[in-house]
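Just below is one structure, and these are the notes that go with it.
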Amino acid sequence: AKTADAGLVLGQYFLDEKEYEKALEVYSKILIRFPDSYHAAYGLGVAHHAQNNWSKALECYKKAAMMFRPSKPPQSLYINMSRTLRQLGKHKEAIDTLYKAKKLGKPTIEISLLLAELFLEIKRPDRALRALEDAKNLDKSNPTIPFYIGLTLLDLKEKQRAKEEFKRSLILDPQFYESKLQLALLLTCLLYTSDA
């Protein structure tokens, strides 16, 4: 073949079928024949990622990011890179990588929620709250977002605002069990501390 296209299709097929060893084999062969194939380098990273081989995945993602220049890399490459960095305990790098992902396309709920999770993991609920507010602006009908905003507000000791967010979550989905539970716990706590 004069191009890597057929191999890339086959590699994607194996990824879709969760046959990661076969995907690794196909992408490795493509890179031998077409060493500049950033799609193959990216696919190799995805296959390693799926097998929880975080270091190898990160190495492939970084290689793919370099190879994409000067063309614009896909946003998903940096999102996957951030997820891998998080697994390796490199939270600051993971956050920086997500901000790069944001610049590559439109803001997404996936990026906002992942940012929030990372900020909570490094004990920065104030920054997590900003990320969650961004997520809420992107999808006002998702009951999970006000639920997480409520939890974050609890971390910030803002119980009244947290109560409103749990209520908002239940307005969006009256069956949302986690919000019911948090609201019940919060109302009991407020009752005993006379803050209600």
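- L58 and L15 fall within a single hydrophobic cluster, where Ile, Leu, Val, Met, Phe, Trp and Tyr side chains are chained together by heavy-atom contacts under 4.5 Å.
- Both I111 and I122 belong to a single network of hydrophobic side chains, linked directly or stepwise wherever heavy atoms of I, L, V, M, F, W or Y lie under 4.5 Å apart.
- Under the 3.5 Å distance criterion, with hydrogens and angles disregarded, no donor-acceptor pair is assigned to the side chains of N80 and S82.
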* Could you check K159 against E164 for salt bridge (Lys or Arg N to Asp or Glu O under 4.0 Å), going step by step and ending with a plain yes or no? => CA-CA 9 Å; K159 293 178 182 177; E164 295 308 313; over 6 Å; no

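- Shown here is Y148, whose OH atom has no more than 12 heavy atoms of other residues, nucleotides or ligands within 6.0 Å.
- Of the possible polar contacts, one joining the S169 side chain to the P143 backbone as a donor-acceptor pair under 3.5 Å is found.
- A donor-acceptor contact closer than 3.5 angstrom links the side chains of Q12 and D16.
- The ring of H49 has its center closer than 6.0 angstrom to the ring center of W54.
- L8 is connected to L24 through a chain of hydrophobic side-chain contacts under 4.5 Å among Ile, Leu, Val, Met, Phe, Trp and Tyr, so both are in one cluster.
- L104 is not listed as a side-chain neighbour of P74, based on a closest heavy-atom distance of 4.5 Å or more.
- The shortest side-chain heavy-atom distance between D134 and K102 falls under the 4.5 Å cut-off.
- One N or O on the side chain of Q75 and one on the backbone of K106 form a donor-acceptor pair closer than 3.5 Å.
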* To do: Dump the intermediate steps for side chain to side chain donor-acceptor pair (under 3.5 Å) on S55 and N53, then the final yes or no.
  => CA-CA 6 Å; S55 296; N53 191 342; 5.6 Å; no

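- Residue H91 is tested with E121, R86, E117 for a side chain to side chain donor-acceptor pair (under 3.5 Å); the sole match is E121.
- Residues F166 and L151 share a closest heavy-atom pair of CZ-N, 3.7 Å.
- Residues L181 and L172 do not share a hydrophobic cluster, defined by chaining ILVMFWY side chains whose heavy atoms lie under 4.5 Å apart.
- Remark: the backbone N or O of L186 is not paired with any side-chain donor or acceptor of K163 at under 3.5 angstrom.
- To the nearest 0.5 Å, atoms OG1 (T144) and CD1 (I109) are separated by 9.5 Å.
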* **Worked check of side-chain contact (heavy atoms from CB on, under 4.5 Å) between L132 and L113** => CA-CA 6 Å; L132 287 166; L113 292 179; 3.7 Å; yes

* Check against salt bridge (Lys or Arg N to Asp or Glu O under 4.0 Å), K29 and E25 -> CA-CA 6 Å; K29 285 181 177 176; E25 186 181 340; 3.2 Å; yes

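- Summarising the geometry of A131 relative to A116, their closest heavy-atom pair is CB-N, 3.8 Å, with the distance given to 0.1 Å.
- Between F176 and F147, the angle of the ring planes lies from 30° to 60°, which puts this pair in the tilted group.
- Rounding to the nearest 0.5 Å gives a distance of 10.5 Å between NZ of K2 and CZ of R33.
- Among all heavy-atom pairs drawn from R168 and E165, the shortest one is NH1-OE2, 2.7 Å.
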* salt bridge (Lys or Arg N to Asp or Glu O under 4.0 Å) assessment of K92 paired with D96 -> CA-CA 6 Å; K92 186 183 182 314; D96 291 344; 3.1 Å; yes

* To do: Apply the test side-chain contact (heavy atoms from CB on, under 4.5 Å) to residues R161 and L129: give CA-CA distance (whole Å), side-chain angles for both, the deciding distance (0.1 Å), then the verdict.
  => CA-CA 12 Å; R161 282 182 65 198; L129 185 60; 4.2 Å; yes

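- Taking the six-membered ring for Trp and the full ring otherwise, the centers of F14 and Y20 sit at least 6.0 Å from each other.
- A 4.5 Å side-chain heavy-atom check between D126 and F119 finds every atom pair outside the cut-off.
- A donor-acceptor contact shorter than 3.5 Å is absent between the side chain of Y78 and the backbone of P73.
- Here the straight-line distance linking atom NZ of K56 with atom OG1 of T84 works out to 14.0 Å at 0.5 Å rounding.
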* To do: Any chance you could lay out the salt bridge (Lys or Arg N to Asp or Glu O under 4.0 Å) test for E133 and R130, step after step, and finish with the verdict?
  => CA-CA 5 Å; E133 292 290 352; R130 268 190 261 165; over 6 Å; no

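- Here the CG-CD distance, from L170 to Q175, works out to 9.0 Å after rounding to the nearest 0.5 Å.
- Under the 6.0 Å cut-off for aromatic ring centres, H39 and F68 qualify, their centroids lying closer than that.
- Minimum heavy-atom separation, P125 to L156: CG-CD2, 3.7 Å.
- With values rounded to the nearest 0.5 angstrom, L77 atom CG is found 13.0 Å from K72 atom NZ.
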* To do: Please report the C-alpha distance between Y38 and S71 in whole Å, then the side-chain angles of each, then the deciding distance to 0.1 Å, and finally whether the side-chain contact (heavy atoms from CB on, under 4.5 Å) criterion is met.
  => CA-CA 11 Å; Y38 43 76; S71 62; 4.1 Å; yes

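- Here the straight-line distance linking atom CZ of R83 with atom OG of S76 works out to 11.0 Å at 0.5 Å rounding.
- Put simply, M81 and L44 are part of the same group of oily side chains (I, L, V, M, F, W, Y) that touch within less than 4.5 Å, one to the next.
- Nearest heavy-atom pair, L31 versus S37, reported as atom, atom and distance to 0.1 Å: CD2-O, 3.5 Å.
- Between A101 and I79, the shortest heavy-atom distance links the atoms CB-CG1, 4.1 Å.
- Judged purely by atom type and a 3.5 angstrom limit, Y61 has no side-chain atom pairing as donor or acceptor with the backbone of Y42.
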* Asked: Going through the checks in order, is the side-chain contact (heavy atoms from CB on, under 4.5 Å) test met by Y27 and V46?
  -> CA-CA 10 Å; Y27 288 127; V46 172; over 6 Å; no

